[in-house]
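Working notes, structure below.
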Amino acid sequence: MATIFTHEFNTPVYKGKTSFNTGLYINGKFVEGSDKTTIDVTNPATGKVIAKIAEATAKDVDIAVTAAHKAFETTWGLNAGGAERSRLLLKLALLMEEHQQELAAIEALDNGKTFTWAMDLDTTFAIDTIRYYAGWADKIHGQVQETDEKKLSYTRHEPIGVVGQIIPWNFPLLMMSWKLGPALATGNCVVLKPSEFTPLTAIRMCELIDRAGFPAGTVNLVTGYGNTVGAAISSHMKIDKVAFTGSTLVGRKIMEAAAKSNLKDITLELGGKSPNIIFNDADLEQAVNWAAHGIYWNHGQACSAGSRIFVQSGIYDEFLEKFTEKSRSLKVGDPFDVDSYQGPQVSKNQYDRIMDYIQSGKDQGATVHLGGDRNGTEGYYINPTIFTNTTPDMKIVQEEIFGPVGVVIKFEDEDDVIRQANDTVFGLAAAVFSQNINRALNTAHRLKAGTAWVNCVNQLHANVPFGGFKQSGIGRELGEYALHNYTAVKSVQVNLGHVM
Ligand code: NAD
């Protein structure tokens with residue numbers, strides 16, 4: 001039965017209480033799932049169950065889709081003007097701001113990321129994103145095409161309709177805002193599924209969406225498992241588009257389900273194995289600091305994580321020494337401790353998966369230069385880990401580990417490193433460190449990646465597009481580009497006197 005989740009935070013960084021309904025949010029109401037079953041939500045810092053939330057099924061997806069269609073035809077879609085959509089999104093951003101500490105605390109509790117990062121990045125960026133798309137809502141314009149004097153031709157960028165959105169556990173609130181912002185700004189109705197591992201901020205957000213005054217059915221939340229609810233969304237005949245962020249493996253399934261059902265439009269934001277290239281002429285201290293941020297940020301659970309660190313031979317030894325020192329200095333610990341940089345991995349599954357990769361690195365002959373082991377006895381903490389002496393065919397070099405595990409690889413020259421960096425099925429992001437502007441930009445241009453950072457890593461902004469080349473995805477999120485994912489272009493041709 002859907003109940004109220006209440007939690008009292010009495011931590012050094014945040015004191016406060018949260019309390020919210022744990023039901024599905026469908027047609028403007030919190031309800032139980034049709035089967036009245038629940039999902040256990042675990043605190044990764046302790047491994048203990050902290051909440052039970054309603055579990056949706058395919059039947060609930062049907063109910064949510066019906067509600068979304070009704071809203072689209074009556075109160076949202078082309079029935080709500082841009083100014084109104086903007087007003088509601090701005091109101092939502094304000095409510096998120098009002099509850100920012102609470103949202104950050106829930107995120108830290110549910111996901112294991114530190115409260116400090118959840119405040120400074122996740123919640124701040126989520127609010128920025130909603131506000132950014134509020135700004136776009138009344139600026140969705142088509143074009144006029146010149147044909148001949150007896151015709152008027154123009155385009156309308158109409159909302160697609162009901163869109164399904166499936167998000168992962170690594171940035172739960174942030175991914176929700178990346179999805180909701182452009183979808184709502186352009187007038188679509190949404191059926192969203194958060195990860196079964198981290199559903200709490202999404203549920204809390206629905207209360208804020210409700211308070212902001214979005215019409216019932218505009219946003220619907222179906223908390224459930226991937227192979228039931230996720231599969232029902234991606235194969236639904238009345239969902240017109242699906243936007244997915246998650247693994248490449250599941251992205252493939254989504255694409256297949258879309259093709260086999262109603263050929264729905266898709267955008268996919270998938271995995272990565274991002275190269276981070278450090279030339280002899282880089283500012284070494286800065287390169288070390290950014291490289292550490294690149295791989296250990298969010299405990300390595302970032303799609304853009306700079307997990308392959310290529311260092312030119314002239315500075316390799318010095319870099320490795322300083323990078324090791326930096327890695328050792330990062331405090332792994334309680335997400336609510338102000339000194340913690342890295343909290344626990346999100347789940348037992350993820351912890352086991354990372355430890356299996358570490359074992360495979362050892363088995364395939366790589367050297368564990370640092371870490372490679374568990375931190376503490378409770379929860380899912382893993383120490384920052386560096387591998388050296390790798391070969392290109394090793395699993396730890398080719399596959400996305402999604403944990404605090406980096407490989408440091410020596411290279412000789414530009415051609416050599418670009419060949420190695422591009423030797424991957426992924427193409428999400430890449431970084432290059434050099435004080436020589438020509439070298440830095442030439443390298444950035446030759447890397448096959450949707451984002452190339454120069455002398456920094458993991459920089460994301462609401463107005464800068466983000467997405468992958470190759471098997472890292474299809475389409476772009478954020479910025480003006482994301483609006484194209486959520487509009488259908490209609491050409492209207494008017495006869496001004498062409499007589500047949
Ligand atoms: P995942 O693919 O296992 O799950 C993502 C979502 O898909 C979850 O909500 C899950 O329940 C759902 N799902 C699982 N099976 C499904 C199915 N058969 N049909 C439909 N939905 C299904 O990924 P994850 O472990 O939650 O997240 C980690 C992955 O996400 C990593 O690979 C990471 O690189 C990727 N990611 C990418 C980006 C990006 O912008 N490119 C951002 C964040 C995470």
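Numbering of ligands and ligand atoms starts at 1, following listing order. Computed from heavy atoms alone, side chains included, the values below leave out hydrogens, waters and symmetry copies.
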Requested in this report: Using distance alone, determine whether Tyr225 and ligand 1 share an N or O pair under 3.5 Å.
Outcome: no
Query - Part of Ile254 with heavy atoms under 4.0 Å of ligand 1, whether side chain, backbone, both or neither - result: side chain
Query raised in the report: Do the non-hydrogen side-chain atoms of Val222 and Tyr25 ever get within less than 4.5 Å of each other?
Result: no
**Report entry** N/O separation below 3.5 Å, Ser247 to ligand 1
**Finding:** yes
Report task. Examine Leu270 against ligand 1 and note whether any of their N/O atoms are separated by less than 3.5 Å. Result -> yes
Report summary line: Restricting to heavy atoms, the pick from Val250, Asn170, Leu268, Asn349 nearest atom 43 (C) of ligand 1 would be Asn170
Query raised in the report: Which ligand 1 atoms are under 4.0 Å away from a heavy-atom of Leu428?
Result: 41 (N)
Query raised in the report: To which protein heavy atom is atom 38 (C) of ligand 1 closest, and what is the distance rounded to 0.1 Å?
Result: Cys303 SG, 3.0 Å
Query raised in the report: Can you find a protein heavy atom under 4.0 Å from atom 4 (O) of ligand 1?
Result: no
Query - Proximity of Glu400 to ligand 1 by residue part, where a heavy atom lies under 4.0 Å - result: side chain
Query raised in the report: Can you find a non-hydrogen atom of Phe466 under 4.0 Å from ligand 1?
Result: yes
Requested in this report: Looking only at distances, please establish whether an N/O atom of ligand 1 is found under 3.5 Å from an N/O atom of Asn227.
Outcome: no
Report summary line: Between Phe402 and the options Tyr351, Tyr357, Trp169, the ring pair (Phe, Tyr, Trp, His ring centres under 6.0 Å) test singles out Trp169
Report task. Tell me, please: is Gly473 in heavy-atom contact with ligand 1, that is, under 4.0 Å? Result -> no
Query raised in the report: Do the two ring centres, one from Phe214 and one from Trp76, sit under 6.0 Å apart?
Result: yes
Query raised in the report: Parallel under 30°, tilted from 30 to 60°, perpendicular over 60°: which one fits the rings of Trp117 and Tyr341?
Result: perpendicular
**Report entry** Short N or O distance, Trp169 and ligand 1, threshold 3.5 Å exclusive
**Finding:** yes
**Report entry** Flag side-chain contact, heavy atom, 4.5 Å: Lys241 against Lys264
**Finding:** no
Query raised in the report: Ion pair present between Lys260 and Glu256, side-chain N to carboxylate O less than 4.0 angstrom?
Result: yes
Query raised in the report: Mind checking whether Thr245 has an N or O less than 3.5 Å away from an N or O of ligand 1?
Result: no
Query - Phe197 heavy atom under 4.0 Å from ligand 1 - result: no
Report task. Give the atoms of ligand 1, by number and element, whose distance to some non-hydrogen atom of Ile167 is under 4.0 Å. Result -> 6 (C), 8 (C), 9 (O)
Query raised in the report: Glu196 heavy atoms, cut-off 4.0 Å: which ligand 1 atoms fall inside?
Result: 10 (C), 11 (O)
Report task. Distance to 0.1 Å, residue and atom name: give those for the protein heavy atom nearest to atom 7 (O) of ligand 1. Result -> Phe244 CE1, 3.2 Å
Query raised in the report: Under 4.5 Å between any side-chain heavy atoms of Leu221 and Pro194, yes or no?
Result: yes
Requested in this report: For ligand 1, note which part of Lys253 has a heavy atom under 4.0 Å away: side chain, backbone, both or neither.
Outcome: side chain
Query raised in the report: Would you say Met175 and ligand 1 have an N/O pair spaced under 3.5 Å apart?
Result: no
Requested in this report: Give yes if a backbone or side-chain nitrogen or oxygen of Pro168 is under 3.5 Å from a nitrogen or oxygen of ligand 1, and no if not.
Outcome: no
Requested in this report: May I ask whether Ala231 has any heavy atom positioned less than 4.0 angstrom from an atom of ligand 1?
Outcome: yes
Query raised in the report: Quick one: which of Phe125, Trp178, Phe171 gives a ring pair (Phe, Tyr, Trp, His ring centres under 6.0 Å) with Phe466?
Result: Trp178
Query raised in the report: Out of curiosity, Ile130 CD1 to Met176 CE, how far, rounded to the nearest 0.5 Å?
Result: 8.5 Å
**Report entry** Check ion pair Arg131-Glu97 (N to O, under 4.0 angstrom)
**Finding:** yes
Query raised in the report: Any sub-3.5 Å donor-acceptor pair from Arg476's side-chain atoms to Gly468's backbone N or O?
Result: yes
Requested in this report: Kindly assign one of parallel, tilted or perpendicular to the pair Trp290 and His293, based on the angle between their ring planes and the thresholds 30° and 60°.
Outcome: perpendicular
Query - Expected output: side-chain Asn21 to main-chain Phe30 donor-acceptor under 3.5 Å - result: no
Query raised in the report: Is there a heavy atom in Ala302 that sits closer than 4.0 Å to ligand 1?
Result: no
